[in-house]
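Here the structure is laid out as structure tokens; the discussion comes afterwards.
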2 protein chains.
Amino acid sequence: MKLTQAEWQIMNALWEKHPATARDIMTRLPKDVKWAYTTLKTMLSRLSEKEAVSEQKQSNTSVYEPLISQRKARLSAFRLLLDQSFDGAMGPLMHFMLEEQKLNAKQKKELIEILQNESEESGETE
Amino acid sequence: MKLTQAEWQIMNALWEKHPATARDIMTRLPKDVKWAYTTLKTMLSRLSEKEAVSEQKQSNTSVYEPLISQRKARLSAFRLLLDQSFDGAMGPLMHFMLEEQKLNAKQKKELIEILQNESEESGETE
DNA sequence: TGGCAGCTTCGACATATGTAGTAGAATGCT
DNA sequence: AGCATTCTACTACATATGTCGAAGCTGCCA
């Protein structure tokens, strides 16, 4: 499932809290997004066609629910980035992240801790 | 500079070895890409318009050179993924990568080492 | 019960992206 | 010189994406 930029903004708002109406979602979109209400509705319809969200009518108002998990969406996006921009390998990506200083000292420290903790355990989510 | 999927495939081929002609690039595209020669040319023209590559005529044949570095392109793509899909924070991304088992034990170990070494140094930004 | 307010559905349109054909110029082989 | 090969430049077209406006329901309140 590939989401477009606009779709990500909507899905992010929806994952944050749902079910939600179009109005609800509007208020949770990034501040710099200034869509007409119908623009959002159009996007929601398209997401519904794509089976990314479900649409239920409560009397005259539609209530939406995500049908794809954030985890799956992230996985797709991540894989795409990896394949498309980093030769499909973690190595280049890791190097890139470190070289670009995408991590500050504190983050590095946290990361090290996470890594060390996780090294002991197994387990998954969803 | 945002590159599309098709553009990434071309730029990857061009970064790999350049200058290069359209024919050269054709041979280095992913195996599953089966474009007509003119399709590639169209893409190259668009990349040229976008100032992502330069086009020089050697007599009657165009020779291309990347004008944007792979590093910069990766940076854009990475930032976009981070902002769009991971709340713009490394934390969620790191957790995601670990949970998804994108890193095996050895890689984690290496990563920890790199992190600890780099922790002392400083660097610059873009 | 007449309306306003808010929702919904449809249709429309611009730009972006993917994909390619055609025509004509430049090259090079014979 | 004449022809086949190979390029380039243009044009075209479908689908995807971003953005709305218009018009028609629904429900609630004075």
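Numbers restart at 1 for each chain; the letters A, B, ... are given by sequence-line order, proteins then strands.
Its side chain outside the 4.5 Å cluster rule for every partner, Leu67(A) clusters with none of the Ile, Leu, Val, Met, Phe, Trp and Tyr residues.
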Begin with the C-alpha distance, continue with both residues' side-chain angles, and end with the deciding distance and a verdict on side-chain contact (heavy atoms from CB on, under 4.5 Å) for Leu93(B) and Met97(B). CA-CA 6 Å; Leu93(B) 175 59; Met97(B) 288 195 287; 4.1 Å; yes

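Taking every heavy atom of both residues into account, Ala20(A) and Arg28(A) meet most closely at CB-NH2, 4.1 Å.
For residues 11-32 of chain B, the set of pairs meeting the ring pair (Phe, Tyr, Trp, His ring centres under 6.0 Å) definition, not counting sequence neighbours, comprises Trp8(B)-Trp15(B). Here salt bridge (Lys or Arg N to Asp or Glu O under 4.0 Å) pairs that include residues 40-63 of chain A, with residues two or more places apart or in two chains, are Glu7(A)-Lys50(A).
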Which parts of nucleotides 18-30 of chain D does protein reach within less than 4.0 Å, heavy atoms only, written one letter per nucleotide 5' to 3' as B for base, S for sugar-phosphate only and - for none? BBBBB---SS---

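At the heavy-atom level, Ser62(B) lies under 4.0 Å from the strands shown only through sugar-phosphate atoms.
Mapping Lys50(A) and Ser45(B) onto DNA chain D via the closest heavy atom, the residue that lands nearer the 5' end is Ser45(B).
Using a 4.5 Å cut-off on side-chain heavy atoms (C-beta onward), Gln84(B) and Gln5(A) make contact. Annotation: side chain of Ile25(B) is in contact with side chain of Leu44(B) (closest heavy-atom distance under 4.5 Å).
Between the CD atom of Gln58(B) and the P atom of dC7(D) there is a distance of 14 Å, given to the nearest Å. The separation between Met26(B) atom CE and dT6(D) atom P is 13 Å, rounded to whole Å.
When the ring-ring contact (aromatic ring centres under 6.0 Å, His included) test is applied to Trp35(B), no partner is found at least two apart in sequence or on another chain.
In summary, contact between chain B and DNA chain C, defined as any nucleotide atom under 4.0 Å from a heavy atom of the protein, begins and ends at dT17(C) to dT27(C) in the 5' to 3' direction.
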